[in-house]
**Q** 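Please read through the structure below; I'll follow up with questions.
Convention: sequence-line order gives letters A, B, ...; per-chain numbering from 1.
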Protein chains: 6
Amino acid sequence: MPNRKPKILVVNPNANAAVTAAMAEALAPLAGAPVGIEARTLEGAPFGIESETDAVTVAPMLAELLRQEGPRYDAFVIGCFLDPGLNACREVAGKPVFGIGECAIYAALTQSDQFGVLALSRASVARHKPIYRRLGVGDRLAGELPLEISVAEAVGDAAVYPRILARAKTLRDEYGAGAVVLGCAGMARHRRALQDALGIAVIDPVQAGASRAVSEILTR
Amino acid sequence: MPNRKPKILVVNPNANAAVTAAMAEALAPLAGAPVGIEARTLEGAPFGIESETDAVTVAPMLAELLRQEGPRYDAFVIGCFLDPGLNACREVAGKPVFGIGECAIYAALTQSDQFGVLALSRASVARHKPIYRRLGVGDRLAGELPLEISVAEAVGDAAVYPRILARAKTLRDEYGAGAVVLGCAGMARHRRALQDALGIAVIDPVQAGASRAVSEILTR
Amino acid sequence: MPNRKPKILVVNPNANAAVTAAMAEALAPLAGAPVGIEARTLEGAPFGIESETDAVTVAPMLAELLRQEGPRYDAFVIGCFLDPGLNACREVAGKPVFGIGECAIYAALTQSDQFGVLALSRASVARHKPIYRRLGVGDRLAGELPLEISVAEAVGDAAVYPRILARAKTLRDEYGAGAVVLGCAGMARHRRALQDALGIAVIDPVQAGASRAVSEILTR
Amino acid sequence: MPNRKPKILVVNPNANAAVTAAMAEALAPLAGAPVGIEARTLEGAPFGIESETDAVTVAPMLAELLRQEGPRYDAFVIGCFLDPGLNACREVAGKPVFGIGECAIYAALTQSDQFGVLALSRASVARHKPIYRRLGVGDRLAGELPLEISVAEAVGDAAVYPRILARAKTLRDEYGAGAVVLGCAGMARHRRALQDALGIAVIDPVQAGASRAVSEILTR
Amino acid sequence: MPNRKPKILVVNPNANAAVTAAMAEALAPLAGAPVGIEARTLEGAPFGIESETDAVTVAPMLAELLRQEGPRYDAFVIGCFLDPGLNACREVAGKPVFGIGECAIYAALTQSDQFGVLALSRASVARHKPIYRRLGVGDRLAGELPLEISVAEAVGDAAVYPRILARAKTLRDEYGAGAVVLGCAGMARHRRALQDALGIAVIDPVQAGASRAVSEILTR
Amino acid sequence: MPNRKPKILVVNPNANAAVTAAMAEALAPLAGAPVGIEARTLEGAPFGIESETDAVTVAPMLAELLRQEGPRYDAFVIGCFLDPGLNACREVAGKPVFGIGECAIYAALTQSDQFGVLALSRASVARHKPIYRRLGVGDRLAGELPLEISVAEAVGDAAVYPRILARAKTLRDEYGAGAVVLGCAGMARHRRALQDALGIAVIDPVQAGASRAVSEILTR
């Protein structure tokens with residue numbers, strides 16, 4: 001291990017600085033570990049990743065960033081639930097790269113047989129289906145429900161909490177979810193209240209991804 | 001239906017004109033159908049798609065091309081077995097878009113319970129595994145074998161045929177494949193000889209993708 | 001390739017000539033391809049295939065027909081969504097044989113992640129379940145809904161269209177289907193209107209099966 | 001329950017009386033139960049079921065027989081590992097109908113996590129694959145090996161035992177099978193010796209099917 | 001086979017003698033077979049198995065009992081739908097051991113493509129999910145519904161029958177179950193009435209497990 | 001969060017103190033995080049968990065320990081790859097409980113599409129199969145190979161390293177594993193050398209389980 005304190009770069013692959021700020025806030029609880037964590041906005045990215053086109057747009061930009069920054073960090077985290085460009089980033093970074101979507105789902109599975117997901121929209125729900133098949137977690141998915149809110153609302157609008165809570169209760173009570181994954185970066189500020197209200201684990205993907213990177217570095 | 005003859009654009013998403021020429025040759029047998037088919041090289045693309053990074057690089061370029069050309073064609077075919085950017089292309093083209101990888105696999109499944117795939121390399125075999133899971137065809141896959149040849153050899157070197165034949169026979173005799181898919185664009189010139197030698201269906205993905213587009217247009 | 005124009009035989013495995021006529025009408029758009037297509041009623045078959053007993057009854061009759069006609073055609077299509085006797089027909093025909101059920105499902109999968117099916121009845125829905133498991137497409141099936149109409153109504157009664165449209169909208173909007181398969185031969189006349197109204201692909205199985213056979217012949 | 005002793009009809013759906021005799025012998029140990037069991041050859045059937053065509057040929061014959069005999073028996077057993085016409089027979093018999101293939105596999109699964117199958121030939125192995133997918137037992141199948149013997153040899157030739165034993169040991173030791181299913185009617189006479197030699201459960205399908213029918217009648 | 005009449009021990013792994021009595025009653029119809037069947041309460045067990053903790057508590061007690069009783073019986077049946085300690089019991093008993101949960105599910109699958117389960121409670125439904133995945137039967141499960149009754153009510157209270165019937169009809173009519181499994185030992189007295197009312201197979205797990213053991217002994 | 005430093009209890013559910021010591025050594029790298037971690041031997045447990053009987057024996061002992069210690073710790077880790085009694089422990093502990101087997105597999109899946117497992121013995125390999133099905137990770141498993149070494153050798157005998165390395169290379173090169181899981185607690189001392197030699201991630205389950213618990217506490 002190098003003498004310098006190891007560092008993780010968490011990349012927000014959209015240009016919305018409020019999301020990056022929300023990520024940094026979500027990562028604060030991990031500050032106790034002897035690993036530095038930075039959150040950074042991907043310059044030139046679309047303002048949100050709300051379509052397949054947005055996702056393919058940012059993927060090569062992420063790969064290019066990680067190719068450049070590979071030597072300066074010990075691990076990377078792709079900060080979008082869709083894990084855009086994850087495998088390409090792994091090819092070029094020369095360091096471990098984690099996707100927050102995968103990390104959140106697997107974290108949920110270490111705590112419950114069945115997990116639920118809160119997605120931003122119906123379109124997100126449809127977009128996630130092939131991902132769950134690719135990961136092989138479909139039989140563990142209790143259900144996924146759309147919140148029908150924008151990224152901006154998810155990140156900054158306290159008024160959406162009642163809707164988030166209502167949908168999460170439905171996942172728990174009607175779908176049988178024993179853990180709930182927040183299906184978008186930037187919703188971490190609702191996590192604790194939600195977990196306390198539900199009495200089951202609630203997973204923020206940014207925390208899940210960065211935790212996995214920290215663990216990897218500590219035990220490497 | 002417009003008065004003009006309908007047109008399909010088959011895009012070779014790498015910059016290797018020999019592959020595009022091989023595609024055009026593969027598409028000649030479809031000329032009898034009342035649909036025009038063009039094969040075009042994606043300008044600015046990498047010379048081959050031989051990594052995850054190559055795949056994410058071409059995806060937004062393909063989406064941009066299809067956004068521009070959407071009004072001028074009736075259907076599009078993405079001419080790479082990995083189907084890069086397929087869903088993004090569908091979002092922007094406003095016309096049906098087919099991936100040659102998916103079309104080849106499903107064509108094989110209409111002819112046999114178990115299919116085999118001939119991949120260019122071991123790395124390709126690994127890259128295809130999550131795709132097969134995403135498509136849900138894993139239980140129909142008899143096996144996939146690497147040829148360990150380059151794209152250039154696949155397209156232009158007649159000397160590789162014996163190796164292709166040997167691997168295909170292994171798929172048929174040891175793995176139980178009842179149909180064999182050529183796992184790369186540009187290998188069509190070996191298809192007929194291989195099918196005759198094997199006595200089972202051999203599917204060229206470019207032909208499979210373009211055939212699907214032609215059928216879609218004829219019956220729309 | 002022989003000098004004569006290649007020919008495909010599409011067999012309607014029930015004795016209902018109205019279904020055969022509907023098939024022929026569905027196949028007219030494929031007439032532009034340089035392949036002849038005939039639709040023929042299976043003599044002596046039950047008037048409809050509405051039970052497992054009907055399906056097993058026609059299977060050996062189909063195999064016998066294809067054994068006899070094998071030398072005179074270049075490919076065969078079994079014109080029933082249940083694909084009765086498909087593997088037996090392949091053993092005896094000496095030519096490629098396609099089942100319209102399989103071809104329709106795979107055609108839908110080349111256009112959407114999730115497909116829906118419109119079945120004639122609740123009994124049909126139950127009968128299709130093991131078929132989807134056998135094909136391995138269960139995780140791609142958004143849902144299947146019964147129309148509760150007879151074959152006669154499906155083929156000849158324009159009054160059933162509103163019900164077909166309503167069920168198809170449910171598949172799209174509530175089940176998340178991105179393509180809809182007509183789960184019975186003979187419903188093709190509703191296809192275009194339905195596709196235009198839904199804005200997603202609608203697949204007629206007879207067209208899908210015959211298209212696959214035409215493609216096979218053109219590229220063989 | 002009627003006053004008469006309940007009766008089960010086990011139908012051998014091929015015309016080989018030696019197979020029917022072997023079935024009767026296999027069923028002798030069940031004679032202690034208060035249920036009568038008859039084994040009968042299907043008149044007019046092919047001499048063996050060694051192809052898909054044979055299987056579709058006997059299916060409607062079985063359905064016709066069970067329609068006629070339905071009132072005279074309390075349950076039926078289809079005596080071929082492929083379970084030809086099983087669902088059609090259920091429609092017409094008006095009594096429970098069991099397939100020996102399904103019953104044998106499920107019996108094996110009540111005794112071991114992983115089962116193996118001894119098939120007559122490579123062609124049988126291929127024919128069973130879609131059946132296992134349809135049943136959903138693929139992940140429990142340790143493996144299936146061909147014996148490359150004829151039905152006649154399986155039924156009547158003691159000289160094949162060493163080969164059966166060798167293949168069964170391979171299933172146990174290399175494939176991890178904890179139970180072995182004899183994949184053809186008529187091999188029961190090898191069952192006990194094989195089980196004693198292997199030290200794991202060996203399932204004869206005819207016994208498994210008839211046992212299931214007896215249990216059903218006793219507890220109905 | 002030994003001269004003495006072979007004997008099966010069915011163990012009720014809870015301390016509720018009413019459940020053991022209900023089991024003995026359920027097993028009476030099997031008395032005609034030349035095999036003795038005893039039902040025994042597991043001394044020292046919890047009064048019911050209504051939690052994961054109950055299940056892990058009884059597992060080593062069952063293993064210890066079967067280790068001791070192994071030499072005195074020819075087969076064993078674990079009389080709880082969760083099949084607690086089944087594999088451990090198999091290690092120590094030196095005789096075949098059957099779990100009633102597995103046996104009931106596989107018995108249902110020999111009679112219908114889709115099975116339903118009536119569970120005591122919502123908690124039971126959740127507890128069964130990973131079991132179905134482990135067994136690989138998830139795609140055959142039409143659905144499972146909670147009765148929200150206690151074991152005591154299930155065993156002894158005739159007043160619960162209308163609720164059982166209502167839920168079973170829902171499984172048949174809305175979920176498409178073609179066979180219904182009673183998801184708890186001790187409900188056998190409702191089985192025949194339920195089967196007659198539904199017109200489809202209803203499986204009592206204790207009968208299914210003991211039947212499987214009897215069959216095994218008769219054909220060993 | 002309480003003022004005291006949060007504490008995790010990692011329980012070694014066998015009586016082998018050398019394994020507990022190896023666990024403590026494996027956990028040392030996590031000492032930097034602001035969470036206390038204790039490793040404790042389960043008193044009265046068998047010396048190793050090498051059978052199903054061992055596993056069911058320790059499960060209620062673990063549940064009893066966690067019931068007692070629940071109030072004194074913030075999270076628990078069950079230190080055996082089989083995760084014995086995990087769900088029962090969750091019922092009684094009132095705190096998050098993690099199984100090292102599950103955590104190791106999911107950690108591997110966050111780093112590679114395909115994982116391999118090094119098991120102690122052939123019997124372990126067989127025992128893990130139903131676990132992988134239950135978890136739903138079978139399609140991500142490249143393969144599992146037995147080391148045929150004892151727990152004592154795994155923990156304390158440096159001479160076994162060449163065999164471990166050889167098997168791990170086979171998993172990587174012949175089975176296509178992109179990450180390797182050590183399938184037993186106590187092998188952590190080989191982890192780093194193995195990872196360096198292989199160039200792919202190697203996961204120690206004790207580290208994976210404790211890391212997951214630490215992450216959970218930091219972000220709760």
**Q** Return yes when atom OH of C/Tyr161 has more than 12 non-hydrogen atoms of other residues, nucleotides or ligands closer than 6.0 Å, and no otherwise.
**A** yes

**Q** Given the options C/Arg191, C/Arg212, C/Gln207, which has more heavy-atom pairs under 4.5 Å with chain B than any of the others?
**A** C/Arg212

**Q** State, with a plain yes or no, whether a side-chain heavy atom of B/Lys95 is found less than 4.5 Å away from one of B/Tyr73.
**A** no

**Q** Between atom CE of B/Met23 and atom CG of B/Asn16, what is the distance when rounded to the nearest 0.5 Å?
**A** 9.5 Å

**Q** Please identify, among C/Leu109, C/Leu27, C/Leu86, C/Val35, the residue contributing the most non-hydrogen atom pairs under 4.5 Å to chain B.
**A** C/Leu109

**Q** With a 4.5 angstrom heavy-atom cut-off, which part of C/Val97 approaches chain B: side chain, backbone, both or neither?
**A** backbone

**Q** Heavy-atom distances under 4.5 Å only: say whether B/Ala26 touches chain C with side chain, backbone, both or neither.
**A** neither

**Q** Are C/Arg133 and B/Asp139 close enough for a salt bridge, meaning some N to O gap below 4.0 Å?
**A** no

**Q** Looking at C/Ile49, C/Val117, C/Leu182, C/Val206, which hits side chain to side chain contact (heavy atoms under 4.5 Å, CB included) with C/Phe81?
**A** C/Val117

**Q** Between C/Leu135 and chain B, which part of the residue has a heavy atom less than 4.5 Å away: side chain, backbone, both or neither?
**A** both

**Q** Given the options B/Arg140, B/Gln195, B/Glu102, which has more heavy-atom pairs under 4.5 Å with chain C than any of the others?
**A** B/Arg140

**Q** At a 4.5 Å cut-off on heavy atoms, which part of C/Ala107 comes close to chain B: side chain, backbone, both, or neither?
**A** both

**Q** So, are C/Asp157 and C/Arg163 salt-bridged, with charged N and O less than 4.0 Å apart?
**A** no

